[in-house]
Visitor: 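Shown below is the structure under consideration.
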Amino acid sequence: MIFHTAVLILRVFYVLFRDIDLSPEEAQYWLWSKFLDLSYYSKPPLIAYLNFLSTAVLGDTEIGVRINAIILGFLIALITYLFSLYLFKDEKLAFFNSVFIYFIPAYDIASILFLTDTPLAFFYLSLCYLFYVAVKENKPIIWILTGISAGLGFLSKYSIVFFFPVMIVYLTIFSRKTFKEKWFYISIIIAGVFTLPVLYWNFSHDFVSFKHVGKLSGAEQGFSLNFKHFGDYILGQIGINSLFLLPFFVYSIYKAFKERDEKLIYLSLSPLVVFFFFGFMALKKNVEANWPAFGYSTLYILTGYFIYKRFLKLALPPMALSLLSIIILFYTPILDKVGLTNILPPKIDPTKRLVGWQEMGGFVSALKKDYHRSFVFSDSYHISSELSFYMEGKPFVYCIRVDRRMNQWDLWEGLKKYENKGYWGIYVADHPITEKVKSGFESVEFQTTYDVKYRGVKVKEYYIYILKNYKKIEEDPITTY
């Protein structure tokens, strides 16, 4: 507990003093918390509720948002300890496993950046733990907690449903008698109750979340092999789980099935189900590296078990290299200080998405002060989210539907209230203004570009326009989700 508390404090200081901003998705979920609802276009509502609570205490600040990830990361380490202790009855092994996850890039990222993957990972691991205990002990309170954990997982992200095939396979092989237990079904009903608000919201909004998830999954596309996407998927999974520890992951799953150990097979099921499902999806479309990450939490317990029991000395150098790669990832300017910039140049540095927003927010705020009857807008929800957070006074920044798919802004109030009332528009985009946007105003009064530099190199350019007398922008119809 002392060790994990120390890491929690270290993460708080990292957020307070590291010169990076909220990611676009973090800023978007923060903005959702200003419009509390039963659900949202692309995700269930729990992340908005957590942001609402944390920022009510710590203010609309980066630590006010990211404290959620830090606390959940701490709790994931504790659940890892408790689950390992229950499985293996070895306190030293359980502690090792709870520390071993710090050597996994995906876990460390999720413990700093507050995205939907973080609460999902926590509730998914909790569900794996509680379900296993419930099957073994068949106590009503454990089944109730299992249902609650599944329900809160659903409110975090729809991917919690991947536990269902894991559950069915495990029970079919190892515990068919559980299918006859009433509390098993009661726990399913409890979980189902948590889905009702989201289902009702979708019923009231033309099931847009289902359409969005269907679009992301490629359900609308015919099947065609795309090995580039699949190759990118494999590289992404290796990246988030550590190249240096890959042989131990593979070995652990192999040995779990070879030894036919019920506990070890259970720990193998989630990573296998999510890896192969998203791998199949990657054969036809792009799959983001983080999508399957939640399902690997039991893999870390499994791998930690084999490392601790059989390969501890052998694993120490790869673990050290993995930790070094994580340190570099979290502070990439260190590469420049030691003359290794070419290992990860600024233009491909993933943290470049987290810089420049605060400064640009201040720049746009200064422009807006000269135009009191004005509004700020973009056609990118990334830009709209970041400016909403980083502009002075945190104004709502609109996101018009021009050359984009539907998003949450299409369910909020748009620009109609500004039509033909003499308002100025401040347009910020990552591309030059289009004729459709320009035609919605009387004239372009001012234009400039804003360069974002990171590690001494220009990594992004934004276009900013001040437009006179808003008339009306003919937004595109909704044709894709």
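The first residue of the sequence shown is numbered 1, and numbering continues consecutively from there.
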Visitor: Among residues at least two apart in sequence or on other chains, which ones pass ring-ring contact (aromatic ring centres under 6.0 Å, His included) with Phe389?
Guide: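 If we apply the ring-ring contact (aromatic ring centres under 6.0 Å, His included) test to Phe389, skipping adjacent residues, the hits are Trp30.
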Visitor: Which value, rounded to the nearest 0.5 Å, describes the distance between Trp32 atom CH2 and Asp37 atom CG?
Guide: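 With rounding to 0.5 Å, CH2 (Trp32) is 10.5 Å from CG (Asp37).
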Visitor: Measuring from Arg353:CZ to Glu386:CD, what's the distance to the nearest 0.5 Å?
Guide: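 The CD atom of Glu386 is 8.5 Å from CZ of Arg353, to the nearest 0.5 Å.
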Visitor: Determine which pairs satisfy side chain to side chain donor-acceptor pair (under 3.5 Å) with at least one residue from residues 311-323, sequence neighbours left out, and list them in order.
Guide: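 Non-adjacent pairs meeting side chain to side chain donor-acceptor pair (under 3.5 Å): Ser242-Ser322.
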Visitor: Applying salt bridge (charged side-chain N to carboxylate O under 4.0 Å, His left out), name anything that partners Glu181, two or more places apart in sequence or on another chain.
Guide: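 For Glu181, no residue satisfies salt bridge (charged side-chain N to carboxylate O under 4.0 Å, His left out) once neighbours in sequence are set aside.
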Visitor: Please lay out, stage by stage, how Asn51 and Ser33 fare under the test side chain to side chain donor-acceptor pair (under 3.5 Å).
Guide: CA-CA 6 Å; Asn51 274 326; Ser33 73; 5.3 Å; no
Visitor: For Ser175, check side-chain hydrogen bond (donor to acceptor under 3.5 Å, both in side chains) against everything at least two apart and list the hits.
Guide: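 So Ser175 forms a side-chain hydrogen bond (donor to acceptor under 3.5 Å, both in side chains) with Thr178.
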Visitor: Determine whether a donor-acceptor pair (N or O, by modelled atom type, separation under 3.5 Å) exists between the side chain of Asp206 and the backbone of Val208.
Guide: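 Looks like no, no N/O pair under 3.5 Å.
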Visitor: If we check ring-ring contact (aromatic ring centres under 6.0 Å, His included) with His212, which of these qualifies: Tyr481, Tyr158, Tyr41, Tyr40?
Guide: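 The ring-ring contact (aromatic ring centres under 6.0 Å, His included) with His212 is passed solely by Tyr41 among Tyr481, Tyr158, Tyr41, Tyr40.
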Visitor: Parallel, tilted or perpendicular: which fits the ring planes of Phe294 and Phe278, with parallel below 30° and perpendicular above 60°?
Guide: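 Phe294 vs Phe278 ring planes: perpendicular.
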Visitor: Between Arg404 and Asp379, does at least one N-O distance fall below 4.0 Å, as a salt bridge requires?
Guide: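 Here Arg404 does not pair with Asp379 in a salt bridge, since their nearest N and O are not under 4.0 Å apart.
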Visitor: Please check: side-chain N/O of Tyr185 versus main-chain N/O of Phe179, any donor-acceptor pairing under 3.5 Å?
Guide: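 Yes, the answer is positive, given that a donor and an acceptor are paired below the 3.5 Å cut-off.
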Visitor: Ring centroids only, cut at 6.0 angstrom: are Tyr308 and Phe96 within range, meaning strictly under it?
Guide: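 Yes, they do, as the ring centres are separated by less than 6.0 Å.
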Visitor: Against Val135, only a single residue in Phe174, Tyr266, Trp143 fulfils side chain to side chain contact (heavy atoms under 4.5 Å, CB included); can you say which?
Guide: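 When side chain to side chain contact (heavy atoms under 4.5 Å, CB included) is applied between Val135 and each of Phe174, Tyr266, Trp143, only Trp143 qualifies.
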Visitor: Please tell me whether Phe154 and Phe163 form a close aromatic pair, meaning their ring centres lie under 6.0 Å apart.
Guide: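 Centroid separation for Phe154 and Phe163: 6.0 Å or greater.
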Visitor: Which value, rounded to the nearest 0.5 Å, describes the distance between Tyr86 atom OH and Lys136 atom NZ?
Guide: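 The distance works out to 7.5 Å.
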Visitor: List for me each residue that meets salt bridge (charged side-chain N to carboxylate O under 4.0 Å, His left out) alongside Arg310, sequence neighbours excluded, and say none if there are none.
Guide: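 Counting only residues at least two positions away or on another chain, Arg310 forms a salt bridge (charged side-chain N to carboxylate O under 4.0 Å, His left out) with Glu259.
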Visitor: How about Tyr102 and His4: does a side-chain donor come under 3.5 Å of a side-chain acceptor?
Guide: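 His4 and Tyr102 do have a side-chain donor-acceptor pair below 3.5 Å.
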Visitor: Quick check on the 6.0 Å ring-centre criterion: do Tyr462 and Trp357 meet it?
Guide: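 Centroid distance Tyr462-Trp357: below 6.0 Å, so yes.
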Visitor: Might you work through the side-chain contact (heavy atoms from CB on, under 4.5 Å) test for Leu354 and Ser23, ending with a clear yes or no?
Guide: CA-CA 5 Å; Leu354 308 179; Ser23 70; 3.2 Å; yes
Visitor: Test of understanding: with ring-ring contact (aromatic ring centres under 6.0 Å, His included), list the residues that count as partners of Phe230, not counting sequence neighbours.
Guide: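 Not a single residue meets the ring-ring contact (aromatic ring centres under 6.0 Å, His included) criterion with Phe230.
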Visitor: Looking at Lys43 and Glu25, does any basic side-chain N land under 4.0 Å from a carboxylate oxygen?
Guide: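 Glu25 and Lys43: not salt-bridged.
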Visitor: Let me confirm one number: the OG1-CD1 distance from Thr332 to Ile343, rounded to the nearest 0.5 Å.
Guide: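 Output value for this atom pair is 12.0 Å.
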Visitor: With sequence neighbours excluded, what pairs up with Gln237 under the side-chain hydrogen bond (donor to acceptor under 3.5 Å, both in side chains) test?
Guide: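 Residues passing side-chain hydrogen bond (donor to acceptor under 3.5 Å, both in side chains) with Gln237: Tyr296.
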Visitor: With a 3.5 Å distance limit and no angle check, can you tell me whether Ser149 reaches the backbone of Leu145 through a side-chain donor-acceptor pair?
Guide: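 Here the side-chain-to-backbone pair does not exist.
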Visitor: Mind checking side chain to side chain contact (heavy atoms under 4.5 Å, CB included) for Ile348 and listing every partner two or more places apart, or none if nothing turns up?
Guide: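 Partners of Ile348 by the side chain to side chain contact (heavy atoms under 4.5 Å, CB included) criterion, ordered by chain and then number, come out as Leu344, Pro345.
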Visitor: Please list all pairs passing the salt bridge (charged side-chain N to carboxylate O under 4.0 Å, His left out) test where one or both residues lie in residues 155-164, with sequence neighbours left out.
Guide: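 For residues 155-164: Asp117-Lys157.
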Visitor: Would you please name every residue forming a side chain to side chain contact (heavy atoms under 4.5 Å, CB included) with Ser111, sequence neighbours left out?
Guide: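 Testing Ser111 for side chain to side chain contact (heavy atoms under 4.5 Å, CB included), a comparison that skips the adjacent residues, returns Arg11, Tyr107.
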Visitor: Should the ring pair Phe275 and Tyr233 be called parallel, tilted or perpendicular, given that the plane angle runs from 0 to 90° and is split at 30 and 60?
Guide: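 Tilted, since the angle between the ring planes falls between 30° and 60°.
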Visitor: Given Phe162, which partner from the list Phe277, Tyr124, Trp291 fulfils the ring-ring contact (aromatic ring centres under 6.0 Å, His included) test?
Guide: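 Of all the options given, the one that passes is Phe277.
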Visitor: Output the distance between atom CG (Leu125) and atom CD1 (Ile101), rounded to the nearest 0.5 Å.
Guide: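 Answer for the CG-CD1 pair, Leu125 versus Ile101, is 8.0 Å.
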Visitor: Parallel, tilted or perpendicular for Phe131 and Tyr170, by the 30°/60° rule?
Guide: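 If you compare the ring of Phe131 with that of Tyr170, the planes turn out perpendicular.
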Visitor: What pairs of residues pass the salt bridge (charged side-chain N to carboxylate O under 4.0 Å, His left out) test when at least one of them lies in residues 58-74, not counting sequence neighbours?
Guide: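 Passing the test, one end in residues 58-74: Glu26-Arg66, Lys34-Asp60.
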Visitor: Between Arg455 and Asp349, is there a donor-acceptor pair closer than 3.5 Å when you use the side chain of the first and the backbone of the second?
Guide: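 Between the backbone of Asp349 and the side chain of Arg455 there is no qualifying donor-acceptor contact (under 3.5 Å).
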Visitor: Which residues pass the side chain to side chain contact (heavy atoms under 4.5 Å, CB included) test with Leu272, not counting sequence neighbours?
Guide: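 Counting only residues at least two positions away or on another chain, Leu272 forms a side chain to side chain contact (heavy atoms under 4.5 Å, CB included) with Ile253, Phe257, Ser268, Phe276.
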